[in-house]
2 protein chains.
Amino acid sequence: MHASATETLAHPSRDEIELAAVLHALSDPVRLLMVRGLAGAIEARSCGSFDVPVTKSTCTHHFKVLREAGVIRQRQEGTKRVNLLREDDLEARFPGLLGTILQAAEHQPLLAARA
Amino acid sequence: MHASATETLAHPSRDEIELAAVLHALSDPVRLLMVRGLAGAIEARSCGSFDVPVTKSTCTHHFKVLREAGVIRQRQEGTKRVNLLREDDLEARFPGLLGTILQAAEHQPLLAARA
DNA sequence: TCAAACGTACGACGATCGTCGTACAACGAA
DNA sequence: TTCGTTGTACGACGATCGTCGTACGTTTGA
């Protein structure tokens with residue numbers, strides 16, 4: 001992968017997470033779908049495991065937006081890039097925010113029905 | 001005013017309020033500032049009473065975005081257009097959402113210091 | 001009656017956004 | 001070593017966004 005094992009992906013620290021960036025990141029239907037998938041998962045999920053109606057390069061873009069906003073953490077594992085929701089950091093920085101947004105998203109129509 | 005007393009401003013009904021639109025509306029620092037001002041107010045506030053660092057026409061634009069997202073309700077009162085947070089509708093549609101965002105905004109730096 | 005206050009409408013502008021296709025790099029397996 | 005899998009990088013594209021200035025319409029008050 002371009003980002004080899006030695007170089008780490010840029011993530012904002014907990015204190016650097018900005019509300020506007022988080023809200024913007026979650027205001028896109030595709031990204032909200034990704035976050036919902038991450039919220040339901042027990043394990044970290046690879047980028048390719050998401051059933052979203054966009055191409056690979058668009059996927060890369062969306063994960064980058066989520067990572068730079070501080071919503072997810074990305075880690076390289078072999079050829080896969082694995083994604084994890086930063087629930088603890090988000091909860092510490094903006095208590096209740098992720099939970100209420102995720103709950104709000106539940107009774108919203110999905111952008112695309114998933115299996 | 002262009003929109004005379006007889007013609008009403010377009011507002012989404014409670015059920016038409018979309019999460020993505022709300023998050024997008026609140027992801028702009030100026031609009032978040034407006035909403036914070038509205039949340040603190042007991043009475044409805046006129047557009048001009050907000051101390052935001054943008055011109056009048058930009059203000060008009062932002063209030064329109066907030067209204068069309070279902071975040072605020074606008075009502076004409078004489079020459080003033082008066083704004084009110086749709087707290088009840090938002091609470092019914094997305095329980096806790098507005099509150100947690102407002103609370104999150106509190107320990108975020110203001111875009112511009114206000115009196 | 002007339003002017004000031006309030007806010008909109010319209011058009012413009014540069015910036016950002018979401019999307020894609022192509023090319024490429026890294027890792028793992030045969 | 002070679003090939004398939006995984007995902008990135010880069011450039012492009014149209015669309016939307018946030019901002020402004022100017023012109024104008026309403027209402028209120030002098």
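Keep in mind the model is a prediction, meaning the values are calculated, not measured. A, B, ... follow the sequence lines: proteins, then strands. Residue 1 opens every chain.
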Taking only side-chain nitrogens and oxygens of B:Arg81, does any of them come within less than 4.0 Å of OP1 or OP2 of C:dC6?
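Negative; the distance criterion is not met.
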
Take atom [atom1] of [X] and atom [atom2] of [N], then tell me their distance rounded to the nearest Å.
X       : N     : atom1 : atom2 : answer
B:Lys80 : C:dA4 : NZ    : C1'   : 13 Å
A:Gln74 : D:dT6 : CD    : P     : 16 Å
B:Met34 : C:dG7 : CE    : C1'   : 12 Å
B:Arg67 : C:dA9 : CZ    : C1'   : 13 Å
B:Gln76 : C:dA5 : CD    : C1'   : 13 Å
B:Leu66 : C:dT8 : CG    : P     : 12 Å

Measure the CE-CG distance between B:Met34 and B:Asn83 for me, rounded to the nearest 0.5 Å.
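Between atom CE of B:Met34 and atom CG of B:Asn83 there are 8.5 Å.
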
Between atom CG of B:Leu32 and atom CD1 of B:Ile101, what is the distance when rounded to the nearest 0.5 Å?
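Atom-to-atom, B:Leu32:CG and B:Ile101:CD1 are 8.0 Å apart.
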
If we only count heavy atoms from C-beta on, is the B:Phe94 to A:His107 side-chain gap below 4.5 Å?
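Touching, per the 4.5 Å side-chain cut-off.
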
Between the protein and nucleotides 17-21 of chain C, list every N/O to N/O distance that falls short of 3.5 Å.
| from | atom 1 | to | atom 2 | distance (Å) |
| --- | --- | --- | --- | --- |
| C:dG18 | OP1 | A:Arg31 | NH2 | 2.8 |
| C:dG18 | OP2 | A:Arg31 | NH1 | 3.2 |
| C:dT19 | OP2 | A:His62 | NE2 | 2.3 |
| C:dC20 | OP2 | A:Thr55 | N | 2.9 |
| C:dC20 | OP2 | A:Thr55 | OG1 | 3.4 |
| C:dC20 | OP2 | A:Thr58 | OG1 | 3.1 |
| C:dG21 | N7 | A:Ser57 | OG | 3.2 |
| C:dG21 | O6 | A:Ser57 | OG | 3.0 |

Donor-acceptor pair, [X] side chain versus [Y] backbone, under 3.5 Å?
X       : Y        : result
B:Gln76 : B:Lys80  : yes
B:Arg36 : B:Ala105 : yes
A:Glu91 : A:Gly96  : yes

What do you reckon, is CD of B:Glu77 surrounded by more than 12 foreign heavy atoms closer than 6.0 Å?
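Enclosed.
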
Side-chain donor-acceptor pair under 3.5 Å between B:Ser27 and A:Ser27, yes or no?
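Per modelled atom types, B:Ser27 and A:Ser27 side chains form no pair under 3.5 Å.
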
Please produce a list of atom pairs where a protein N or O lies less than 3.5 Å from an N or O of nucleotides 28-30 of chain C.
none

Which nucleotide, D:dT8, D:dT6, C:dG7, lies nearest any side-chain atom of B:Thr60?
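Of all the options, the side chain of B:Thr60 is nearest to C:dG7.
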
Taking the nucleotide of DNA chain C with the nearest heavy atom to each, does A:Lys56 or B:Phe63 sit closer to the 5' end?
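Going by which nucleotide is closer to the 5' end, it is B:Phe63.
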
Can you list every pair that meets side chain to side chain donor-acceptor pair (under 3.5 Å) and has a residue in residues 62-71 of chain A, with sequence neighbours left out?
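Applying side chain to side chain donor-acceptor pair (under 3.5 Å) to every pair that reaches into residues 62-71 of chain A, excluding sequence neighbours, yields A:Arg31-A:His62, A:Arg67-A:Gln74.
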
